[in-house]
Amino acid sequence: MTNRKEIAEKFVKYLDENFADSKCSLKYENPFQLLIATILSAQCTDERVNKVTATLFKKYKNFEDFKNADLEEIMEDIRPTGFFRNKAKNIKKLSEVILEKYEGVIPVDINELVKLPGIGRKTANVLLGNCFNIPGIVVDTHVKRISQRLGLTDNDNPDKIEQDLMEVIPKEKWTKWSHQVIDFGRKICTAKKPKCDICEMRDVCKFANSEA
DNA sequence: CTCCCGATAT
DNA sequence: ATATCAGGAG
């Protein structure tokens, strides 16, 4: 009998041994840049986001630049990241709100952040964890898939998955753990053909044991 | 639940 | 051709 807490402990240990130096793979120099980069990262690889932001941040250096920019032009500038119409609208609107309601300062509070257009708990937790040292579990596509495969959650809703994970992962590890799971998801526990043969979690993994 | 959406891997 | 990528909003 291996329960969730035991699986979580084993997983934390495994990740620390194999993904010790995982960190944010989005490139940024300040909270403004990480916020924009994370919005762009929805359903897009970080590699592509980095390619776009490399030139994007030379043109747009702060929220004023996005607020004053033409919407159509922002769309073209971020087009390769996909969902470019929604993302451009959200970035422009969010820039206006931060300037007008928050006096140009990003609110360091998840309950305020998620009120902003285009920002959900995933994006908010990325920003808070990496720029402000506020622990948060980032439930993205990798964390969701792997948590379900390992049986760390039975839920499909990201908010509920986040709650389930907060119960079994030590709070001080939340941010680091999220980066580690994402690296694990990219290299071992991939969506398509997971490398169960070389995965040390195999013996406690429902998914691995349900495969042929 | 659906829609938004381009680029790459399989 | 289809699945997938650091999701969020209506």
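Proteins come first, then strands; the chains are lettered A, B, ... in the order of their sequence lines, and each starts at number 1. Atom set for the values below is all heavy atoms of this structure, side chains included, hydrogens, waters and symmetry mates excluded.
Listed candidates were dC5(B), dT4(C), dG7(C). Nearest to the side chain of Arg85(A) is dC5(B). In the set dG7(C), dT10(B), dA6(C), the nucleotide with an atom closest to the side chain of Lys192(A) is dT10(B). Counting only heavy atoms from C-beta on, Phe83(A) has its side chain closest to dC4(B) among dA6(C), dC4(B), dG6(B). In the set dA6(C), dG7(C), dC5(C), dC5(C) carries the atom at the smallest distance from any side-chain atom of Arg145(A). Distance from the side chain of Arg48(A) is smallest for dA7(B) among the nucleotides dA6(C), dA7(B), dT4(C). Distances were taken from every side-chain heavy atom of Lys193(A) (C-beta onward) to each of dT10(B), dA6(C), dT8(B); the shortest belongs to dT10(B). With dA6(C), dG8(C), dG6(B) as the candidates, the nucleotide lying closest to the side chain of Asp140(A) is dA6(C).
Rounded to an integer number of Å, the gap from Lys89(A) NZ to dG8(C) P is 17 Å. Here dC4(B) presents its C1' atom at 11 Å from CE of Met75(A), a figure rounded to the nearest Å. Atom CD1 of Ile161(A) is separated from atom P of dG8(C) by 13 Å (rounded to the nearest Å). Rounded to whole angstrom, the span from the CZ atom of Phe84(A) across to the C1' atom of dC3(B) amounts to 14 Å. Following rounding to the nearest Å, Leu113(A) (CG) and dA9(C) (C1') show an atom-to-atom distance of 17 Å. As rounded to whole Å, 18 Å separates atom P of dA6(C) from atom CG of Leu165(A). Summarising the geometry, the separation between OH on Tyr28(A) and C1' on dA6(C) is reported as 13 Å, rounded to the nearest angstrom. Spacing between atom CG of Asn90(A) and atom C1' of dC3(B) amounts to 13 Å, rounded to whole angstrom units.
Note on ring orientation: taking the six-membered ring where Trp is involved, the planes of Phe32(A) and Phe57(A) are tilted (angle from 30° to 60°).
No salt bridge links Glu96(A) with Lys101(A); every basic N to acidic carboxylate O contact stays at or beyond 4.0 Å. Using a 4.0 Å cut-off between a side-chain N of Lys or Arg and a carboxylate O of Asp or Glu, Asp77(A) and Lys59(A) qualify as a salt bridge. Asp154(A) and Arg4(A) are joined by a salt bridge, as a carboxylate oxygen and a charged side-chain nitrogen come within less than 4.0 angstrom of each other.
As rounded to the nearest Å, dC5(B) and dG10(C) have P atoms that lie 14 Å from one another. The P atoms of dA6(C) and dT2(B) are separated by 24 Å, rounded to the nearest whole Å.
Note on Leu116(A): only backbone sugar-phosphate atoms sit closer than 4.0 angstrom, heavy atoms only; bases stay farther off. Contacts of Ile39(A) with the nucleic acid, taken as non-hydrogen atoms under 4.0 Å apart, are absent. Using a 4.0 Å heavy-atom criterion, one finds that Pro158(A) contacts no nucleic acid atom at all. Counting any heavy atom pair closer than 4.0 Å across all strands shown, Thr123(A) reaches sugar-phosphate atoms only and no base atom.
Residues Gly118(A) and Asn130(A) both approach DNA chain C. Their nearest nucleotides, taken by heavy-atom distance, put Asn130(A) toward the 5′ side.
Looking only at atom types and distance, the side chain of Ser25(A) has a donor-acceptor partner in the side chain of Arg186(A) under 3.5 Å away. If you check the side chains of Asp16(A) and Gln180(A), you find a donor sitting under 3.5 Å from an acceptor.
At dA6(C), one or more side-chain N or O atoms of Arg186(A) fall inside 4.0 Å of OP1 or OP2 (strictly under the cut-off).
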